[in-house]
Enquirer: 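One structure is given below, represented as structure tokens, and several questions about it will come after.
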Amino acid sequence: MENLASNLLLIYGFLFTFFVPGFVLIEGFFSYLPRIQKLPLYMLTSILLSTWSIFLTSYIFGYSQGTIILTFASYIPFLFWIIAKRNVKHLYPKKHLSELIFALVAFILFVIALYPAIFYKFQDYIVMSADNWQDTAMHLGIIESISEGNFPPQAPYYAGRPLTYYYFSDFHTAILQTLTTKFSPRILVLDNSLYVFIFTLGVYALSFLLTKSKKSSLFASMVALFSGNFMFIRLIQDLFTKPGREEFFVHLRNLVSSASYTMEYGKLMQMTPVTDYFLQNRPMMVGLSTVTLVTTLVVGAYKKGDVSRLLLAGLITGFMVKFQLFSFVVALVLVGIGFLVFMTKRNLVKKFAGVVGFVGISCLFLTILVVTGDPNRSFIDIVKKSFSFGPWDKSKDFLWYLSFYFANFNLPFVVGLVFIPLVILKKSFRKRQYLFLIAWFLVTLLTPQLIRFTIYEGDMFKFYYFMMIPL
């Protein structure tokens with residue numbers, strides 16, 4: 001009975017952390033949004049709303065399983081009201097079924113990849129794998145300590161000090177862990193994979209908004225997820241230069257098991273593929289999906305002159321200050337770029353009012369971050385101490401950086417570089433969506449080349465991952 005109750009509470013938790021709050025918000029206030037955008041927005045806003053709801057109620061009543069259950073229960077009357085008032089027959093439009101199938105296939109592939117990679121018991125060992133396996137172990141420490149009552153959280157690796165790391169992606173998982181009442185680190189197998197589902201649907205929705213083409217949008221969602229470096233060439237080379245006595249597939253398995261073919265730390269191909277970020281970099285799982293869907297809302301708002309979409313985008317962006325700060329910064333920049341690109345006399349006042357509302361809501365949450373942060377180690381202080389002009393690695397020359405771009409971003413990057421002069425020659429820049437994509441690409445490409453504001457230089461790579469979305 002105890003296991004049954006624990007499993008039922010886990011299902012209850014997944015429904016409320018990935019669907020119900022967002023469904024209530026979107027259908028209650030933004031039901032006019034295209035259905036193609038709604039499902040990923042249900043899921044993303046549920047992640048954000050559920051986490052912030054538990055965070056705030058836990059400060060008042062204390063963090064516990066009871067607080068979580070009662071907080072989630074407060075959404076139920078609104079859920080039934082929405083179901084009674086709204087005629088929601090389909091969660092996703094049938095004419096875009098191919099994208100839904102791809103998103104489900106991607107979700108299943110990531111479940112298969114993560115199943116043996118996260119806290120998997122093999123013989124007398126506990127397996128933690130993937131390129132940056134220790135990152136998952138660090139996040140797991142945060143998740144487990146919060147689920148055991150470490151709230152407001154202190155750093156599990158530095159007892160007595162407040163947790164200054166943007167930990168809300170782990171707090172979100174800790175909520176699920178708390179509901180199970182038992183040690184369940186393998187929740188991450190499903191939890192991480194659901195972010196892949198959200199991201200692919202989000203890229204498709206953005207691409208379709210800009211191109212109105214189902215085929216190119218499906219292709220865009222595939223490229224955005226599976227783009228990466230040329231490390232697979234190293235694997236092919238090793239297959240022939242390091243011959244083994246085993247059968248081909250056994251030899252291939254042994255090579256992959258004994259060497260990393262995703263990146264070369266400190267060398268040319270030092271950026272992991274996008275897929276690896278969804279395997280272990282938990283804040284970026286939320287960040288990539290958020291920037292994609294915020295941009296979708298912002299472009300739709302500018303095209304329609306709709307202030308409410310900008311306010312929703314501002315709310316989502318504001319929520320991100322405790323999930324992933326890079327996505328917060330990128331979203332703010334893209335809103336500014338979008339305003340300049342899509343600025344016309346038509347509805348100009350409404351668009352400007354929407355931007356002011358977006359910035360106001362976002363900065364309100366940024367104020368909360370500053371006020372509730374560690375006074376001895378604020379984000380602003382970190383930026384000041386780490387800030388410098390110039391590229392993230394000043395020891396490298398122009399040719400090395402050019403090689404770096406081609407080696408890590410391969411074909412999509414080449415296509416992007418070819419696309420820009422074609423747009424100019426054909427005067428397609430008059431189509432504002434092309435100009436917006438080019439500006440997005442160039443700003444996120446050049447930012448790590450012009451400034452650095454992180455302690456670890458590799459953190460500036462995150463801008464490159466946001467760069468891959470418009471490609």
Side-chain angles (χ1 to χ4, degrees), residues 36-37 40-41 43-44 99 102-103 106 195-213 216-229 271-279 281 283-302 313 316-317 320 323-338 341-342 405 408-420 423 432-448 459-471:
I36 192 177
Q37 299 174 18
L41 280 170
M43 299 182 72
L44 177 67
E99 169 58 23
F102 168 67
Y195 287 106
V196 176
F197 183 78
I198 298 168
F199 177 67
T200 52
L201 291 181
V203 172
Y204 182 87
L206 175 60
S207 178
F208 189 78
L209 176 66
L210 294 170
T211 66
K212 302 302 180 184
S213 169
S216 63
S217 299
L218 177 61
F219 183 68
S221 66
M222 292 178 179
V223 171
L225 181 61
F226 291 112
S227 59
N229 55 41
M271 283 190 61
T272 61
V274 175
T275 50
D276 196 68
Y277 255 35
F278 281 100
L279 290 173
N281 194 309
M284 279 294 283
M285 293 178 194
V286 193
L288 289 166
S289 302
T290 298
V291 166
T292 303
L293 287 168
V294 163
T295 307
T296 304
L297 289 169
V298 167
V299 172
Y302 288 141
I316 293 172
T317 302
M320 287 304 296
F323 277 92
Q324 219 281 337
L325 279 169
F326 284 88
S327 60
F328 176 85
V329 173
V330 171
L332 284 173
V333 171
L334 291 179
V335 167
I337 292 172
V341 170
F342 293 102
Y405 292 138
N408 287 280
F409 311 130
N410 61 65
L411 190 58
F413 182 77
V414 176
V415 172
L417 290 182
V418 172
F419 178 76
I420 294 174
V423 167
R432 294 172 186 264
Q433 61 265 34
Y434 290 153
L435 189 58
F436 175 73
L437 290 174
I438 291 171
W440 178 355
F441 167 69
L442 291 176
V443 167
T444 46
L445 170 68
L446 295 176
T447 296
D459 280 337
M460 294 301 295
F461 290 171
K462 290 179 172 64
F463 285 99
Y464 293 136
Y465 289 98
F466 292 116
M467 177 200 75
M468 296 300 291
I469 298 172
L471 291 179

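Residues take their numbers from the sequence shown, with the count starting at 1.
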Enquirer: Contact between L437 and L210 at the side-chain level, heavy atoms closer than 4.5 Å - yes or no?
Expert: yes
Enquirer: Between Y302 and V335, does a side chain to side chain contact (heavy atoms under 4.5 Å, CB included) hold up when you go through it step by step?
Expert: CA-CA 10 Å; Y302 288 141; V335 167; 3.5 Å; yes
Enquirer: Do the side chains of T211 and S217 get nearer than 4.5 Å, heavy atoms only?
Expert: yes
Enquirer: Whether the side chain of Y195 engages the backbone of M284 through a donor-acceptor N/O pair (distance < 3.5 Å, no angle test) should be reported.
Expert: no
Enquirer: Write down the atom of F436, the atom of I337, and the distance for their closest heavy-atom approach.
Expert: CD1-CG2, 4.0 Å
Enquirer: With sequence neighbours excluded, what pairs up with F102 under the ring pair (Phe, Tyr, Trp, His ring centres under 6.0 Å) test?
Expert: none
Enquirer: Any side-chain heavy-atom pair from V291 and F326 closer than 4.5 angstrom?
Expert: no
Enquirer: Tell me, which pairs form a salt bridge (Lys or Arg N to Asp or Glu O under 4.0 Å) where one or both residues lie in residues 287-301, sequence neighbours left out?
Expert: none
Enquirer: Considering only heavy atoms from C-beta outward, does the side chain of L41 approach that of I316 to under 4.5 Å?
Expert: yes
Enquirer: Are the side chains of Y405 and Y464 in touch, meaning some heavy atoms are under 4.5 Å apart?
Expert: yes
Enquirer: When you compare the side chain of T292 with that of Y204, does any pair of heavy atoms fall below 4.5 Å?
Expert: no
Enquirer: Looking only at heavy atoms, what is the nearest atom pair of L225 and A106, with distance?
Expert: CD2-CB, 3.8 Å
Enquirer: For residues 462-471, pull every pair meeting salt bridge (Lys or Arg N to Asp or Glu O under 4.0 Å), keeping only residues two or more places apart or in separate chains.
Expert: D459-K462
Enquirer: CE of M468 to CG of N408: how many Å apart, nearest 0.5 Å?
Expert: 9.5 Å
Enquirer: Output the distance between atom CD1 (I469) and atom OG (S289), rounded to the nearest 0.5 Å.
Expert: 8.5 Å
Enquirer: Can you tell me how far the OH atom of Y465 sits from the OG atom of S227, to the nearest 0.5 Å?
Expert: 9.0 Å
Enquirer: Could you tell me if the side chain of E99 sits less than 4.5 Å from the side chain of F208, heavy atoms only?
Expert: no
Enquirer: Under 3.5 Å, is there a donor-acceptor pair linking the side chains of T290 and Q324?
Expert: no
Enquirer: Where do M460 and P448 come nearest, in terms of heavy atoms and distance?
Expert: O-CG, 3.5 Å
Enquirer: Check whether any side-chain heavy atom of Q37 sits under 4.5 Å from a side-chain heavy atom of L293, and report yes or no.
Expert: no
Enquirer: Name the residue from T295, T444, T447, L445 that meets the side chain to side chain contact (heavy atoms under 4.5 Å, CB included) definition with F466.
Expert: T444
Enquirer: How close do V274 and A224 get, counting heavy atoms only, and between which atoms?
Expert: CG1-O, 3.4 Å
Enquirer: Which heavy atom in A313 sits nearest to a heavy atom in V298, and how many Å separate them?
Expert: CB-CG2, 3.9 Å
Enquirer: Identify the two heavy atoms, one from A103 and one from T200, that lie closest to each other, and give their separation to 0.1 Å.
Expert: CB-OG1, 3.3 Å
Enquirer: Would you confirm whether S221, through its side chain, and L218, through its main-chain N or O, come within 3.5 Å as a donor-acceptor pair?
Expert: yes
Enquirer: Tell me whether the count of non-hydrogen atoms from other residues, nucleotides or ligands lying under 6.0 Å of CZ in F219 goes above 12.
Expert: no
